[in-house]
J.: 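Sharing a structure, written as structure tokens. Questions coming.
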Amino acid sequence: MISVQRAVAAALGAGLLVTGAISAAGPAAAQDAPPPAPQGGATATLGELRTYDKAVVRAADGTTKEVGAGLFEMAVDHGGSIQTYCVDFGTPAQPQTKYQEVPWSSSSLQNNPRAGKIRWILEHSYPQVNDLDALAAKAGAGKLSERTAAAGTQVAIWRLSDKATARAKDRAAEKLADYLTARARNAGGEPKASLSLSPATVAGRTGERVGPVTVRTNAGGVNLAPAPAGAASGVRVVDADGRQVTSAADGTKLWFDVPEGTEDGASALTAQASTKVPVGRVFTGVGAGARSQTQILAGSSTATVSATATATWSAGGPAAAVTARKNCAEGGVDVTAVNRGDADFTFRVAGKRHTVAPGAAETVTVPVGEDQAYRIAVTGTGGFERTFSGVLDCATAEPPDGGITTQTGPATTGGAPVGAESGDLAETGSSNATPVIAGVAIGLVVVGGAIVLLLRRRGGAGGDEG
């Protein structure tokens, strides 16, 4: 198989879609950059605990520990910032870990009957409610500062996310925590993703439109750019009427238009938009080494959000799209193969062989232990290779041996408690452990306003799509 690499660079403004295509003398081709993030949305880096006060948490063995409780701040990739609270008390926070916006079903909030109440708290407390005098009056809390309002809100969330026996040390903050816990109501289902392209991977025949890929966003619009001029394949991104598109909105369906005679290959499209990430969206660590406590969004500036989709096509034989998604309800990762070709697609995963007929799909759930890092290799017909990696983080962690772990203090290895023994909040959010950070699964790199998309033959390792 001939490897072809194409670099497409354009000094385009923020909020764009770049489509790159490659061809190869072989059954298929794929992009060189990391594969798309499945849900899309915001990717961000965890910073320090910024706005906080003290709380006291009681462990199952009756011991107590004074910890910091409040808001983290994250820097969003390509612009913007978000504020988050913890919804996974027993797992250490690892500052500088890369995080990805994910659905509740891929996080510790899956099947939590109190998740809707947590959303209510977020919508009815600080920082969404920044009139602290009015908030204090409702709670009968006297006087609240930003620090004590954040602490009281975090304590209330811990009681629902982790069933933690926690109280705020400040009297006003504790009043707020009690008020929020007692008043919380189910605020409905989880908020929609800030931006997604679904499905993240499609496949089809040469001479046809491959797709559709549906845009979902809370942004007013998503900017799109046509395929780069002079692309050998001539593949375009079009709408339902076959028109090449330059913008999209929520609900827009997109196709990869692959002309007859195009060599077997692949293409990628990446969408960006500027928007505020909805309150209540969950963020989890990205990559096999990123075991860092789950966060839930409490506030957002206007931020840059992205989503990526890929397409593969062939003139004959199988045309397969393979994706992976965490299945917290089943305790594993769902690997799904869809065959849009005219011949069987056979693949192996977890030591077993599976065959997907033309026009059919098959999902295989690969068991993964809670908090276990995984690398799932998928091989198939025509030299198909793909590897999905990540950490299955579906439940709130139980502190070991009755100890208390929290979102604060220097993290240590071996499951040791997190949090300075003295309760010195000057150390809050610091970490002695260097997290292993996987690259964000987006085929887009922005350097000085230039976007470079690198594509190559299929066969490279992929990132977690779940």
Side-chain angles (χ1 to χ4, degrees), residues 47-73 83-93 95 114 117-118 121-122 124-184 293 295-296 298-299 396-399 402-411 416-431:
E48 301 292 326
L49 194 62
R50 294 294 185 189
T51 307
Y52 58 86
D53 201 76
K54 297 179 181 180
V56 177
V57 183
R58 182 181 298 276
D61 63 0
T63 60
T64 61
K65 195 175 192 73
E66 189 172 284
V67 299
L71 281 166
F72 277 99
E73 185 171 307
Q83 293 174 298
T84 60
Y85 286 110
C86 163
V87 286
D88 186 9
F89 177 84
T91 300
R114 300 169 298 280
K117 291 185 176 183
I118 294 173
I121 290 173
L122 294 167
H124 291 82
S125 191
Y126 182 76
Q128 289 301 304
V129 177
N130 56 20
D131 185 341
L132 296 183
D133 290 339
L135 183 62
K138 285 184 179 180
K143 187 72 173 177
L144 286 169
S145 66
E146 291 181 347
R147 292 165 61 97
T148 55
T153 305
Q154 178 64 91
V155 166
I157 290 172
W158 277 337
R159 293 172 181 174
L160 298 178
S161 65
D162 296 74
K163 296 183 180 179
T165 303
R167 64 176 175 83
K169 192 169 184 180
D170 178 84
R171 183 176 180 180
E174 175 63 6
K175 286 280 190 180
L176 175 62
D178 288 344
Y179 164 79
L180 294 172
T181 305
R183 290 292 301 273
Q293 64 183 209
Q295 302 281 317
I296 192 165
T396 53
E398 293 293 336
I404 297 175
T405 57
T406 76
Q407 70 187 83
T408 67
V418 173
E421 290 296 330
S422 65
D424 180 4
L425 294 179
E427 295 186 3
T428 295
S430 66
S431 173

J.: Restricting to salt bridge (Lys or Arg N to Asp or Glu O under 4.0 Å), what partner residues turn up for K117, sequence neighbours left out?
T.: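 For K117, no residue satisfies salt bridge (Lys or Arg N to Asp or Glu O under 4.0 Å) once neighbours in sequence are set aside.
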J.: Closest approach of P95 and G47, non-hydrogen atoms and distance?
T.: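 Looking at all heavy atoms of both residues, the shortest contact is CB-O, 4.0 Å.
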J.: Measure the shortest side-chain to side-chain distance between L132 and E146 over non-hydrogen atoms and say whether it is less than 4.5 angstrom.
T.: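 Side-chain contact under 4.5 Å: yes.
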J.: V57 versus K65: any side-chain heavy-atom pair under 4.5 Å?
T.: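 No; the side chains remain at least 4.5 Å from each other.
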J.: Can you find a heavy atom in the side chain of L135 that is under 4.5 Å from one in the side chain of S125?
T.: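 In contact.
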J.: Hey, could you give me each pair passing salt bridge (charged side-chain N to carboxylate O under 4.0 Å, His left out) that has a residue in residues 172-184? Not counting sequence neighbours.
T.: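 Qualifying pairs, neighbours excluded: R159-E174, R159-D178.
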J.: Any side-chain heavy-atom pair from P92 and Q293 closer than 4.5 angstrom?
T.: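 No - every pair of side-chain heavy atoms lies 4.5 Å or more apart.
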J.: Let me confirm one number: the CD-CD1 distance from Q154 to I296, rounded to the nearest 0.5 Å.
T.: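 The CD atom of Q154 sits 10.0 Å away from the CD1 atom of I296.
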J.: Look up atom OG1 in T148 and atom CZ in R171, then write down how far apart they are to the nearest 0.5 Å.
T.: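 Spacing of OG1 (T148) from CZ (R171) equals 13.5 Å.
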J.: Using a 6.0 Å distance limit plus a 45 degree cone around the ring axis, check whether R147 lies over the aromatic ring of Y52.
T.: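 Yes, a cation-pi geometry.
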J.: For D133, check salt bridge (Lys or Arg N to Asp or Glu O under 4.0 Å) against everything at least two apart and list the hits.
T.: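 Applying salt bridge (Lys or Arg N to Asp or Glu O under 4.0 Å) to D133 gives K143.
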J.: Between L71 and T153, is there a side-chain heavy-atom distance shorter than 4.5 Å?
T.: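 Sidechains of L71 and T153: no contact.
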J.: Check side-chain hydrogen bond (donor to acceptor under 3.5 Å, both in side chains) between T165 and all other residues, then give those that pass, not counting sequence neighbours.
T.: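 T165 satisfies side-chain hydrogen bond (donor to acceptor under 3.5 Å, both in side chains) with no residue once adjacent residues are dropped.
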J.: Which pair of heavy atoms, one from A172 and one from A141, lies closest together, and at what distance?
T.: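 Looking at all heavy atoms of both residues, the shortest contact is CB-O, 3.0 Å.
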J.: Of all the heavy-atom pairs spanning L160 and A184, show the shortest one and how long it is.
T.: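 Nearest pair, atom of L160 first, then A184: CD1-CB, 4.5 Å.
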J.: Nearest 0.5 Å, please: how far is CZ in R58 from CG in D61?
T.: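 Output value for this atom pair is 9.5 Å.
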J.: Using side-chain hydrogen bond (donor to acceptor under 3.5 Å, both in side chains) as the criterion, list what pairs up with R114, not counting sequence neighbours.
T.: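 By the side-chain hydrogen bond (donor to acceptor under 3.5 Å, both in side chains) rule, R114 matches N112.
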J.: At what distance, to the nearest 0.5 angstrom, does NZ of K169 lie from CG of D53?
T.: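 Taking NZ in K169 and CG in D53, the distance rounds to 9.0 Å.
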J.: Taking all non-hydrogen atoms of both residues, which atom of F89 and which atom of W158 are closest, and how far apart?
T.: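 What the structure gives for the nearest pair is CD1-CE2, 3.3 Å.
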J.: How long is the gap from CZ on F72 to CD on E48, to the nearest 0.5 Å?
T.: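 Answer rounded to 0.5 Å: 8.0 Å.
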J.: Which heavy-atom pair separates A55 from A69 by the least distance, and what is that distance?
T.: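 Looking at all heavy atoms of both residues, the shortest contact is CB-CB, 3.9 Å.
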J.: Identify the heavy atoms of P127 and Q83 that sit nearest to each other, and give their distance.
T.: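 For P127 versus Q83, the nearest heavy atoms are CG-OE1, 3.5 Å.
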J.: With S161, which residues qualify under side-chain hydrogen bond (donor to acceptor under 3.5 Å, both in side chains), at least two apart?
T.: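 S161 satisfies side-chain hydrogen bond (donor to acceptor under 3.5 Å, both in side chains) with no other residue.
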J.: Between I118, V155, I121, which is the residue that forms a side chain to side chain contact (heavy atoms under 4.5 Å, CB included) with L180?
T.: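 Looking at I118, V155, I121, the match for L180 under the side chain to side chain contact (heavy atoms under 4.5 Å, CB included) is I121.
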